[in-house]
Novice: 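To start, I am sharing the structure in question, which I have written as structure tokens.
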Amino acid sequence: MALKRVVIVGGGSAGWITAAYMDAVLNGARSKAVDISLVESADVPRIGVGEATVPSLRDTLRTIGMDEAQFMRATDATFKQAIRFDDWLEPGHSYFHPFDRRPSGRLDRAGLRWLTSDRSIPFAETVSAQPALCEAGRAPKFMDNRSFEAPISYAYHVDAEKLADALCELACRRGVRHIVDDVVDVEVAADGTLSAVRCAQGLRLEGDLFIDCTGFAAILHGKRLGVDFVDYSQWLPCDRAVAMRVPYELHSPGARRPFTTATALSHGWSWDIGLADRRGIGYVYASEFTDAEAAERELRAFEGAHTKDIDARHLQFRVGRSAQPWRANCVAIGLSSGFIEPLESTGLFLVEIAVATLCEYFPFGGDMAHGAERFNAIIQARYEEILDFVVLHYCLSRREDTAFWRDVRRPERIPERLQTLLAMWQHKSPSLSDFHDNLQLFSHTPYEYVLYGMDFLRERIAGMPAASLRGPAVPESITHTIKDACSRLPAHDEWLARRTGAKPL
């Protein structure tokens with residue numbers, strides 16, 4: 001079988017995750033089935049401003065073959081065990097969306113038990129030990145746990161630019177060809193497939209499969225092939241962000257938080273991601289309701305006077321997805337494929353699922369039509385499920401303090417799929433059977449964290465059996481896990497210092 005030539009255009013975290021993952025999966029240690037080249041411009045800035053992730057990144061890095069502590073040192077990574085949502089329901093209110101939950105089987109009655117109680121304990125704390133571990137500042141791992149293994153689930157906060165650099169070094173060492181140059185022309189054959197890209201310094205790269213990782217520019221997929229874009233702004237109006245990097249020596253919270261904080265602001269929400277050497281903060285907002293200058297001013301006021309001399313970076317984005325991410329012999333991965341605001345940290349996940357699916361349907365035999373059709377269906381479903389889950393956070397809010405919050409609660413902002421689920425959950429608590437896609441990222445358990453974290457159905461669900469209202473019964477396994485973990489798991493900063501060399505704050 002002839003060696004397949006893969007040309008990846010664009011680097012960053014999307015390009016280098018794609019290159020490293022494909023090389024690890026498709027090329028063996030002793031044999032090579034795919035020749036991989038990545039060409040990226042030295043002049044195009046990377047979008048990455050610091051990334052929060054979901055637990056799938058652990059499997060991706062394990063597959064690529066990285067050592068966890070080495071990865072964390074190289075990317076200034078910290079642990080992420082949950083997202084804490086502040087002020088989303090109303091000012092002063094907060095709740096956790098943790099990653100870990102005790103297994104309960106198909107007929108999970110935890111939601112019903114909590115709904116029919118006096119709700120004196122937040123729902124998440126009745127099914128997971130992680131809210132308590134987050135507040136106590138504990139790591140999710142013991143010191144002697146092996147790479148990517150732990151008693152509870154976790155993800156990371158990583159510097160996206162350093163992640164790209166680390167994967168670049170690893171992939172190139174294993175044989176991926178790295179070309180630093182500007183792509184100035186894309187050749188299209190008579191049958192509509194791409195045949196080659198031409199670079200500014202005269203290089204012509206031929207390929208059998210081309211992967212567009214050029215971000216919002218989408219120079220292969222969008223500009224050259226003209227693939228349509230499916231706009232999601234009718235459901236999610238946020239289309240701008242302003243971001244800053246806050247060094248710990250300028251402002252220290254005392255310890256690195258093992259969770260992401262998402263705080264509702266006047267016209268959107270802010271993120272707070274604690275890396276090993278700094279915090280990444282930002283404000284995602286809707287330009288329909290405020291402008292860049294006002295958004296930056298609000299973020300600085302929210303964060304504090306120490307931001308006075310910190311530079312701010314402004315970003316614009318379209319919310320939506322490609323109508324056909326795999327067209328002919330070109331696959332869009334990363335921002336060239338689409339973007340949904342990073343409220344649930346799904347940016348890198350969409351890269352991971354795309355490259356894993358591409359490897360599964362890799363066209364070794366040359367026929368791309370069948371693999372492309374299935375790939376497109378899988379990726380479309382991922383964007384749609386993430387859209388629904390992100391919208392859920394907005395439509396359940398009770399905030400009415402600005403025009404933005406009144407607008408995002410309108411029924412017209414709720415996709416039909418989500419409307420159907422919310423109507424069904426008026427009569428039953430969410431369960432595994434409500435979702436039938438085995439690749440689903442957000443099943444009934446994440447939905448319950450948001451629904452009950454935001455006080456969905458303040459009155460008891462119609463027709464459900466009432467409990468004795470003595471308070472929510474916290475399973476003994478949760479109580480035991482909290483006590484045991486808080487006494488035995490190391491502090492987050494202690495783990496980072498001993499295993500990655502992170503400096504004390």
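Below, all heavy atoms of this structure are taken into account, side chains as well, without hydrogens, waters or symmetry copies.
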Novice: Do Asp228 and Gln324 come within less than 4.5 Å of each other through their side chains, counting heavy atoms only?
Specialist: no
Novice: Determine whether Ser322 and His221 satisfy the following criterion, side chain to side chain donor-acceptor pair (under 3.5 Å), listing intermediate values before the conclusion.
Specialist: CA-CA 9 Å; Ser322 168; His221 180 259; 3.1 Å; yes
Novice: Does Trp425 have its ring centroid less than 6.0 Å away from the ring centroid of Phe456?
Specialist: no
Novice: Going through the distances and angles, do Tyr283 and Glu303 end up as a side chain to side chain donor-acceptor pair (under 3.5 Å)?
Specialist: CA-CA 11 Å; Tyr283 182 8; Glu303 172 64 18; over 6 Å; no
Novice: Check the angle between the aromatic planes of Trp88 and His393 and answer parallel, tilted or perpendicular using the 30° and 60° thresholds.
Specialist: perpendicular
Novice: Is there a donor-acceptor pair under 3.5 Å between the side chain of Gln81 and the backbone N or O of Arg138?
Specialist: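 Confirmed, Gln81 side chain pairs with Arg138 backbone.
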Novice: Would you confirm whether Asp100, through its side chain, and Gln130, through its main-chain N or O, come within 3.5 Å as a donor-acceptor pair?
Specialist: no
Novice: Taking Ser56's backbone N and O only, do any of them form a donor-acceptor pair with Asp59's side chain (distance below 3.5 Å, no angle check)?
Specialist: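 Looks like no, no N/O pair under 3.5 Å.
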Novice: Side chains of Thr78 and His492: is there a donor and an acceptor less than 3.5 Å apart?
Specialist: no
Novice: Does a side chain donor of either His267 or Glu288 reach within less than 3.5 Å of an acceptor in the other side chain?
Specialist: no
Novice: Would you check if Leu457 and Gln426 make a side-chain contact, meaning some heavy-atom pair closer than 4.5 Å?
Specialist: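 When only atoms from C-beta onward are counted, Gln426 and Leu457 do touch, with a gap below 4.5 Å.
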Novice: May I ask you to check whether Phe259 and Phe96 place their ring centres under 6.0 Å from each other?
Specialist: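 Yes, the ring of Phe96 comes within the 6.0 Å limit of the ring of Phe259, centre to centre.
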Novice: Using only heavy-atom distances, determine whether the side chains of Ser266 and Glu298 contain a donor-acceptor pair under 3.5 Å.
Specialist: yes
Novice: Say whether, by atom type as modelled, one donor and one acceptor occur between the side chain of Asp493 and the main chain of Arg256 under 3.5 angstrom.
Specialist: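 Checking the backbone N and O of Arg256 against the side chain of Asp493, a donor-acceptor pair under 3.5 Å is found.
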Novice: Side chains of Asp67 and Ser147: any donor to acceptor distance under 3.5 Å?
Specialist: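 A donor-acceptor contact under 3.5 Å links the two side chains.
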Novice: Are the side chain of Ser128 and the backbone N or O of Ala124 linked by a donor-acceptor pair below 3.5 Å?
Specialist: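 The answer is no, because no donor-acceptor pair under 3.5 Å joins these two groups.
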Novice: Before we go on, tell me: are the rings of Phe435 and Phe442 under 6.0 Å apart, centre to centre?
Specialist: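 Centroid separation for Phe435 and Phe442: 6.0 Å or greater.
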Novice: Within the supplied structure, the quantity of interest is the number of heavy atoms (other residues, nucleotides, ligands) at a distance under 6.0 Å from Arg318 CZ; does it exceed 12?
Specialist: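 No, the 6.0 Å shell around CZ holds no more than 12 heavy atoms from other groups.
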Novice: Check for a donor-acceptor pair, side chain of Thr53 on one end and backbone N or O of Tyr156 on the other, with a separation under 3.5 Å.
Specialist: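 Checking the backbone N and O of Tyr156 against the side chain of Thr53, a donor-acceptor pair under 3.5 Å is found.
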Novice: May I ask you to check whether Tyr449 and Tyr95 place their ring centres under 6.0 Å from each other?
Specialist: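 When the ring centroids of Tyr95 and Tyr449 are compared, they turn out to be at least 6.0 Å apart.
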Novice: So, for Trp269 and Tyr285, is the gap between ring centers shorter than 6.0 Å?
Specialist: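 No: the rings miss the under 6.0 Å criterion.
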Novice: Determine whether the aromatic ring centres of Tyr154 and Phe99 lie less than 6.0 Å apart.
Specialist: no
Novice: Among side-chain atoms of Thr214 and Lys223, is any donor-acceptor pair under 3.5 angstrom?
Specialist: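 Absent: no donor and acceptor within the cut-off.
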Novice: Using modelled atom types only, decide if a donor and an acceptor are shared between the side chain of Asp212 and the backbone of Leu220 within a distance under 3.5 Å.
Specialist: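 A pair under 3.5 Å: yes.
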Novice: With distance as the sole test, does Arg321 use its side chain to make a donor-acceptor pair with the main-chain N or O of Glu384 at under 3.5 Å?
Specialist: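 Not confirmed, Arg321 side chain does not pair with Glu384 backbone.
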